[in-house]
Amino acid sequence: MTLEERIDRSETRVCTTVFPFLTNHHDTLFGGKAMAIMDEVSFMAATRFCRKTLVTVSSDRINFEKAIPSGSIIEAIGRVDSIGRTSLKVKVEIYLEKMYEEGRELAIQGMFTFVALDQNKQPIPVLDGLMLDNK
Ligand SMILES: CC(=O)SCCNC(=O)CCNC(=O)[C@H](O)C(C)(C)COP(=O)(O)OP(=O)(O)OC[C@H]1O[C@@H](n2cnc3c(N)ncnc32)[C@H](O)[C@@H]1OP(=O)(O)O
């Protein structure tokens, strides 16, 4: 498998309905809940990519571009964006769909960085043991 194929295969999508337990006093998706969804979907994508123990080390520039009303459907997509030595970055986008209309739009995006750790919680190379083709 090539690196690009491994990235494609590990792309992770999670859909959920914005029910009231996810909203704020504006009746829109609470930013902190959105960030939790983004952390989890990016964690799953990163783990599926390298199958190693990972911790979140940072999140970069999360842009809340559109408010997401209660009662919407959202889809969070996590995809490995770049790979360092012991860390990797995952781009996350959240798309907003209205329940009774076709189409969707990008509402939130951000980047999450994870570090691969060994049993002693020390950073280890992300790509070690992945048997990648050079194709
Ligand atoms: C899934 C979860 O819920 S995890 C819970 C939340 N996360 C945590 O508790 C993690 C707590 N943090 C830690 O344990 C430590 O910071 C560690 C182990 C992640 C990193 O320790 P460090 O001493 O910084 O390790 P080190 O300096 O070797 O850096 C390791 C890698 O992380 C990268 N890194 C470290 N800090 C940051 C940062 N703030 N932002 C981006 N990358 C970073 C480094 O550039 C390096 O990447 P590279 O090898 O690809 O070049």
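We count ligands from 1, going down the list as the structure has it; atoms in each ligand are counted the same way.
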Short check: is a protein heavy atom less than 4.0 Å from atom 29 (O) of ligand 1? no

Show the atoms of ligand 1 that are less than 4.0 angstrom away from any heavy atom in L117. 18 (C)

Can you sort out which atoms of ligand 1 are near G84, meaning under 4.0 Å from one of its heavy atoms? 50 (O)

Return the option from V115, T113, T56 holding the heavy atom at the smallest distance from atom 10 (C) of ligand 1. T56

Does atom 25 (O) of ligand 1 have any protein heavy atom closer than 4.0 Å? yes

Is any side-chain heavy atom of I73 closer than 4.5 Å to one of M99? yes

Any N or O of K89 that comes nearer than 3.5 Å to an N or O of ligand 1? no

Going by a strict under-4.0 Å cutoff (protein heavy atoms only), does atom 36 (N) of ligand 1 have a neighbour on the protein? yes

Please classify the L88 to ligand 1 contact at 4.0 Å (heavy-atom distances, strictly less than): side chain, backbone, both or neither. neither

Is atom 22 (P) of ligand 1 less than 4.0 angstrom from at least one protein heavy atom? no

What do you think, any protein heavy atom under 4.0 angstrom from atom 14 (O) of ligand 1? no

Tell me the contacting part of F43 for ligand 1: side chain, backbone, both, or neither, using a 4.0 Å heavy-atom threshold, strictly below. side chain

P123, portion touching ligand 1 at heavy-atom distance under 4.0 Å: side chain

Flag S58 as yes when one of its N or O atoms lies below 3.5 Å from any N or O atom of ligand 1, and as no otherwise. yes

Give a yes or no on whether atom 17 (C) of ligand 1 lies under 4.0 Å from any heavy atom of the protein. no

Got an N/O contact under 3.5 Å between R85 and ligand 1? yes

Would you say atom 41 (C) of ligand 1 has a protein heavy atom nearer than 4.0 Å? yes

Verify the contact flag for atom 7 (N) of ligand 1, where contact means a protein heavy atom under 4.0 Å away. yes

